[in-house]
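Beneath this line is the structure, given in structure tokens, with notes to follow.
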Amino acid sequence: MAAAADAARAQPAATPDPSYGSVALHELAAVVAELDVGMVEQRIVRTWLRGEIESLYAAPLHDLSLRHGSEAYELDGDDLLITTPLDAVLEQLADGLDVRPGQRVVSIEAVAGGPLWRVRTEAGDELLAAAVIVTVPLGVLRQGRPRVDPPWPPAVAHALAHLDSGPVAKVFFSFDEAFWAPHPLFWLADDPPPTFGLWVDVSALTGSPTLCAFAVGDDARWAEAASDDERCRRADELLRAGRVRS
């Protein structure tokens with residue numbers, strides 16, 4: 001499976017870019033076909049593959065580019081969870097900087113004879129800068145905000161038109177007892193995939209028996225639109241069907 005993925009990534013940029021799911025699931029099916037395993041084991045492996053990729057990139061397998069969907073680097077250090085407010089961190093990072101929150105930028109224009117940029121805000125203020133770092137959400141950029149002059153280069157404009165943000169939802173469920181102990185996390189395997197596939201025990205952070213459930217794609221959109229009662233009923237159905245017990 002890895003060899004097929006590497007071969008697809010190595011294709012010239014002008015060739016069609018297959019989705020991660022079209023290659024990964026096909027190769028997985030070929031590997032499983034050679035093994036003497038039952039339908040349950042096959043379902044578990046498919047669930048693991050979907051969960052590992054979708055939970056990381058917050059998008060369904062078939063929405064991910066095979067060529068550009070994987071990060072080409074790894075950061076050093078442990079994967080840690082921040083449990084305190086970020087105020088102290090932000091204060092240290094902003095030390096010595098002229099930070100002006102609440103000023104919406106409406107345009108970024110190159111100044112003739114630069115290299116300078118003129119940044120205009122909604123309040124009518126103007127700032128001159130030698131360089132501008134734009135960290136605006138993708139959806140806002142697609143709406144043409146802020147206005148950039150000269151316009152984005154063709155390669156950037158093409159990327160903005162084709163990139164998308166994968167929806168992901170993390171839903172926390174509290175219980176009277178940690179019936180899943182001692183497992184710190186577990187998957188629910190099924191076809192089609194359940195609304196919440198990955199469950200993580202966060203009881204140590206909340207101080208009471210609590211699971212954090214992950215949903216991506218259309219399942220994440222459902223989780224965000226559903227009521228608390230609907231989410232709780234869905235969680236109860238899944239956990240009971242999955243026979244999650246201590």
Side-chain angles (χ1 to χ4, degrees), residues 5-6 8-23 53-77 79-82 84-170 216-218 220-221 224:
D6 291 340
R9 293 192 188 100
Q11 294 296 317
T15 60
D17 182 13
S19 71
Y20 196 101
S22 65
V23 174
I53 302 301
E54 294 180 352
S55 296
L56 177 61
Y57 294 106
L61 284 178
H62 292 287
D63 287 350
L64 287 169
S65 161
L66 180 66
R67 183 177 297 125
H68 305 292
S70 299
E71 297 173 347
Y73 64 89
E74 290 186 8
L75 298 177
D76 296 331
D79 202 0
L80 302 178
L81 178 65
I82 299 175
T84 58
L86 290 175
D87 295 7
V89 177
L90 295 177
E91 288 176 0
Q92 292 184 32
L93 293 175
D95 186 31
L97 301 178
D98 180 14
V99 180
R100 307 182 188 184
Q103 296 195 33
R104 181 177 296 174
V105 173
V106 295
S107 66
I108 303 171
E109 303 169 351
V111 177
L116 282 177
W117 294 88
R118 179 180 291 107
V119 180
R120 288 192 172 93
T121 70
E122 197 173 48
D125 297 330
E126 291 189 4
L127 303 171
L128 289 179
V132 178
I133 300 175
V134 180
T135 60
V136 178
L138 182 60
V140 176
L141 286 177
R142 283 182 168 175
Q143 296 175 11
R145 297 183 292 140
R147 182 175 59 83
V148 178
D149 186 23
W152 298 110
V156 175
H158 177 81
L160 291 177
H162 290 81
L163 289 175
D164 205 351
S165 301
V168 60
K170 299 178 182 178
V216 299
D218 290 338
R221 297 184 182 93
E224 292 174 352

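- The nearest pair of heavy atoms linking A129 to V132 is CB-CG2, 4.3 Å.
- Residues forming a salt bridge (charged side-chain N to carboxylate O under 4.0 Å, His left out) with D87 (at least two apart in sequence, or on another chain): none.
- When every heavy atom of V134 is checked against every heavy atom of W152, the shortest pair comes out as CG2-CH2, 4.3 Å.
- Side chains of D125 and R100 form no contact here, defined as non-hydrogen atoms less than 4.5 Å apart.
- Among residues two or more places apart in sequence or in another chain, the side chain to side chain donor-acceptor pair (under 3.5 Å) test is passed with D218 by R221.
- Smallest separation of non-hydrogen atoms from Q103 and T121: OE1-CG2, 3.8 Å.
- Between L127 atom CG and L116 atom CG the span is 12.0 Å, to the nearest 0.5 Å.
- Across all non-hydrogen atoms, the minimal contact from P167 to A220 is O-CB, 3.7 Å.
- For the residue pair W117 and A130, the shortest heavy atom distance occurs at CD1-O, 3.8 Å.
- P146 is listed as a side-chain neighbour of V136, based on a closest heavy-atom distance under 4.5 Å.
- Q143 contributes atom CD, which lies 10.0 Å from atom CG of L138 (distance to the nearest 0.5 angstrom).
- Interatomic distance, CD of E122 versus CZ of R145, reported as 9.5 Å (0.5 Å rounding).
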